[in-house]
Amino acid sequence: MSTGEESKSAGCRCTRKLTLAMSGCVMILVIALTVGLCVGLSGSDASREDAPAFSIDHVANTFLLNGKPFRYVSGSFHYFRALPDAWRSRLRTMRAAGLNALDTYVEWSLHNPHDGVYDWEGIADVVKFLEIAQEEDFYIILRPGPYICAERDNGGLPHWLFTKYPNIKMRTNDPNYIAEVGKWYAQLMPRLKHLLIGNGGKIIMVQVENEYGAYHACDHDYLNWLRDETAKYVQDKALLFTVDIPDERMSCGKIENVFATTDFGIDRVHEIESIWKMLRQLQPTGPLVNSEFYPGWLTHWQEMNQRRDGKVVADALKTILSYNASVNLYMFFGGTNFGFTAGANFDLDGSIGYTADITSYDYDAVMDEAGGVTQKYELVRQVIDEVLELPKIELNPAKRLAYGKVELTPVLELLSPDGRKALAKGTPVVADKPKSFEELDQYSGLLLYETTLPNMDLDPALLQVEQLRDRAHVFIDQQLVGTLSREARIYALPLSKGWGNTLQLLVENQGRINYDVSNDTKGIFGKITLQLHNGGALPLEEWTTTSFPLEPKAIEQWRANGVSKVDPIVALQRLLRTGPILYAGNFKVEEIGDTYMNMAGWGKGVAYVNGFNLGRYWPLAGPQITLYVPNELLKLGENSVVLLEYQRANKTRSGTELPAVQFDAVAQLDGQSSEVPQQPKN
Ligand SMILES: *[C@@H]1O[C@H](CO)[C@@H](O)[C@H](O)[C@H]1NC(C)=O
Ligand SMILES: *[C@@H]1O[C@H](CO)[C@@H](O)[C@H](O)[C@H]1NC(C)=O
Ligand SMILES: *[C@@H]1O[C@H](CO)[C@@H](O)[C@H](O)[C@H]1NC(C)=O
């Protein structure tokens, strides 16, 4: 209900103005006093020269844009989920559906990957993205978090906060946390100044925190600080707002003098009256806003792809709009969690536990992962047509092409001396405990923990690993003996006496939790023990940790001078008994188009095309089988594919042929017909 200027002074703009101009404000003030509220500007007042360009009319319960009633139908599209060369065409397709506003998060960890290191280029050029959005005729709803959830690693908060402050309490008044947020906003906010509506740009709203009511901390000192910190930069040049899930915790997210909105999907539209009532209890007047209306939903590995029916979505949108509400479709275009950026969820009640998000953020959104229109798009567009004017825009979608089968040669064993030389970062660290990803300032990838096995007095003896985050392939003298997994809650396996001397745990970070939990550091944090004859447990206490961040640069360097160094017998294996193997191949492109790398027959790993990390694949778990390969990555002539496969090669048991991937023209996100995953519990 107020702008940054007002939040700082915590006074009522209208009352303050009244002493200057006893105009149309008087009537508003009377109403303001009766409802006990600080009231925004009335229509006549808003035409004054110093009035904010975007504000709220608490009498007509509407937004005012340059003094005129305004409502938006916006769509979420996060710039970090599409390549920069695709930004304009994605935005244009959104605009063609009639949307008049764009909603995006800003991802702190993308722009500030290490302490003191900032990135504003390429996919991190948020200013360029917003400028293109302005050119494509959007108003902008900016959601800088700094916590964004968004199914991104750690909810967008940088991993190095744990490196620097191991006990940091994210999203609270912890002095370390707010000092770092202050530094970050000092870098981010000045870059966006010219884009605020009050400065001639198109950003109409700026969010403070994100669904904070759902966070257990409920720290209003922090929220008030963040409001003031945001207002320091935004002033009255755009409207500050919050978004909260409509439930009993909503009031934990409400910030005094900040405009409150809510979020809900098709499953809650039947209770829309009671949802608006909850919002009205927090904030008696002003426009109604659903800041996240879900036309689809997020998907985890090992569950069904979360599809949502287009007709049901369109009907629900119609219902929301019938209340004169403004609405944002989350996601209108989802895109892809390239690299290691996908997050994870954890249900604190314990029935499901930890589940990692898939690489695709297709989301069954209104547009598909490659930016194409869908049947849902047409239905949604028809509904928008009833409330906003549809622009006449001609769309020119990229072709989708099948480049066919590409054979891959095994070129490097990760755990071999050559593999370590090529892909390990820095020198291994020896300590009494395994080092965590965060202690080593490592965003993601793998860590290898090694120790010498003691003499075992049992055969076999149970190895137990406490607090594994998230998955470990276990080797003895570089021979696979099993897999431990946080998702499967398997933390122990038997080892036989005489198998060998060196115990190796290759730990994968599957993505930091992005919702409710903000302390999901990665590695092994509990005891690692071997069962003893007398019922006791022998702790294993000397560990060498080797880093494998799997950054594309290291992979490319290897490939450039890459001759195969893989033992010919190992090269024929389907089961990768000696650890992950790097596979490399090339394919020729004569016409450039979008394509999908079909991972059928492979196990689990990470894939690179032309030195770009496409993301994690795991067709064994599903439901995602193909990885989206944007046309912007491809070039005419030779293109390269590299896989780092952790578990199994795409090979028949007896075959001597090379393993392969296939480039298809269609996505496969719903599992393999023969291996349809189980319906999720909820
Ligand atoms: C929506 O706005 C119109 C025009 O201002 C008004 O006539 C109508 O009553 C409003 N509907 C609701 C449900 O508030
Ligand atoms: C992490 O946070 C959760 C609640 O969000 C809490 O239950 C858990 O104890 C915390 N773990 C650590 C290691 O601090
Ligand atoms: C390997 O991949 C090819 C091409 O994608 C596929 O046709 C084949 O079925 C896969 N082979 C195995 C053994 O999974």
Side-chain angles (χ1 to χ4, degrees), residues 43 57 59-64 68-71 147 154-155 157 162 165-172 174 214-219 272-273 276 280 285-289 318-326 344-350 353-354 386-387 402-408 436 438 466-469 512-526 572-575 583 585 587 595-603 607 617 619-620 625-627 641 643 645 647-666 668 672-675:
D57 181 335
V59 176
N61 291 332
T62 179
F63 291 116
L64 293 175
K68 297 210 178 67
F70 176 80
R71 89 139 80 169
Y147 162 80
N154 214 31
L157 298 172
F162 297 116
Y165 314 104
N167 297 314
I168 193 167
K169 298 272 174 292
M170 308 274 192
R171 308 177 68 196
T172 71
D174 178 338
Y215 192 53
H216 54 82
C218 196
D219 181 344
I272 189 164
E273 293 277 351
W276 294 142
R280 284 287 182 232
T285 57
L288 298 169
V289 181
K318 207 175 203 163
T319 303
I320 293 167
L321 291 173
S322 74
Y323 290 85
N324 288 347
S326 284
N345 281 288
F346 186 84
D347 72 320
L348 290 166
D349 75 26
Y354 173 88
E386 292 167 22
V387 298
Y403 296 107
K405 189 169 153 182
V406 178
E407 289 189 333
L408 300 178
S436 69
E438 292 75 15
E466 286 177 3
Q467 295 195 54
L468 165 67
R469 303 205 281 265
R512 294 182 184 83
I513 296 168
N514 56 57
Y515 182 74
D516 211 9
V517 172
S518 283
N519 57 9
D520 191 24
T521 50
K522 298 297 187 180
I524 296 174
F525 297 86
L572 289 176
Q573 292 174 354
R574 177 176 62 170
L575 167 62
Y583 294 83
F587 64 106
T595 189
Y596 298 90
M597 197 186 329
N598 192 326
M599 304 311 298
W602 293 88
Y617 65 84
L620 283 176
I625 307 299
T626 54
L627 286 172
V641 190
L643 306 184
E645 167 60 49
Q647 298 186 185
R648 64 158 280 171
N650 152 292
K651 284 179 73 68
T652 52
R653 202 177 295 270
S654 57
T656 53
E657 80 286 1
L658 283 172
V661 290
Q662 179 143 326
F663 288 92
D664 295 341
V666 288
Q668 206 174 314
Q672 277 161 310
S673 44
S674 57
E675 295 173 33

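Residue numbers count from 1 along this sequence. For ligands, and for the atoms within them, numbers begin at 1 and follow the listed sequence. What you are looking at is a predicted structure, and each value in this text was computed from that prediction instead of being measured.
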Margin query: Starting from atom 13 (C) of ligand 1, what is the nearest protein heavy atom, named by residue and atom, and what distance separates them?
Written below: S322 O, 3.6 Å
Notebook entry, point to check: D520: heavy atom below 4.0 Å from ligand 2, yes or no?
Noted result: no
Note to self: Taking 4.0 angstrom as the limit and counting only heavy atoms of D516, give me the atoms of ligand 2 inside it, by number and element.
What the structure shows: 5 (O)
Notebook entry, point to check: Do the side chain of D520 and the main chain of R512 share a donor and acceptor less than 3.5 angstrom apart?
Noted result: no
Next item on the list: Identify, for atom 9 (O) of ligand 2, the protein heavy atom at the shortest distance, and state residue, atom and that distance.
Entry: N519 ND2, 4.8 Å
Check: What residue and heavy atom of the protein are closest to atom 5 (O) of ligand 3, and at what distance?
Finding: Q662 CB, 3.2 Å
Notebook entry, point to check: Are R469 and Y354 close enough, and set up right, to give a side-chain contact (heavy atoms from CB on, under 4.5 Å), and what steps lead you there?
Noted result: CA-CA 10 Å; R469 303 205 281 265; Y354 173 88; over 6 Å; no
Next item on the list: Using the side chain to side chain contact (heavy atoms under 4.5 Å, CB included) rule, pick out the option among V406, T626, L643 that qualifies with M597.
Entry: L643
Next item on the list: With heavy atoms only and a cut-off of under 4.0 Å, state how A600 meets ligand 3: side chain, backbone, both or neither.
Entry: backbone
Item checked: atom 2 (O) of ligand 2 touched by protein heavy atom at under 4.0 Å -> yes
Checklist line | Any donor-acceptor N/O pair, E438 side chain to K522 backbone, under 3.5 Å | finding: yes
Note to self: Give me the atom names and distance for the closest heavy-atom approach of W602 to P619.
What the structure shows: O-CG, 3.2 Å
Check: Regarding R71 and the six-membered ring of F63, is the cationic atom NZ or CZ under 6.0 Å from the ring centre and inside 45° of its axis?
Finding: no
Checklist line | Numbering as shown, the atoms of ligand 3 that approach T652 to under 4.0 Å (heavy-atom distance) | finding: 13 (C)
Checklist line | Flag: protein heavy atom within less than 4.0 Å of atom 7 (O) of ligand 3 | finding: no
Notebook entry, point to check: So, do N61 and L288 sit near enough that their side-chain heavy atoms are less than 4.5 Å apart?
Noted result: no
Margin query: Any nitrogen or oxygen of S518 lying under 3.5 Å from a nitrogen or oxygen in ligand 2? Just yes or no.
Written below: no
Margin query: Test your reading of the model: is there a side-chain donor-acceptor pair from N514 to the backbone of G155, 3.5 Å cut-off?
Written below: no
Next item on the list: For atom 4 (C) of ligand 1, find the nearest protein heavy atom and state the residue, atom name and distance (0.1 Å precision).
Entry: N324 ND2, 4.5 Å
Checklist line | Ring-ring centroid check F587 F663, cutoff 6.0 Å | finding: yes
Check: Backbone, side chain, both or neither: what part of K651 comes under 4.0 angstrom of ligand 3, heavy atoms only?
Finding: backbone
Item checked: Is_contact(atom 11 (N) of ligand 1), protein non-hydrogen, under 4.0 Å -> yes
Next item on the list: Considering only non-hydrogen protein atoms, determine which one is nearest to atom 14 (O) of ligand 3 and report residue, atom name and distance to 0.1 Å.
Entry: G601 CA, 3.1 Å
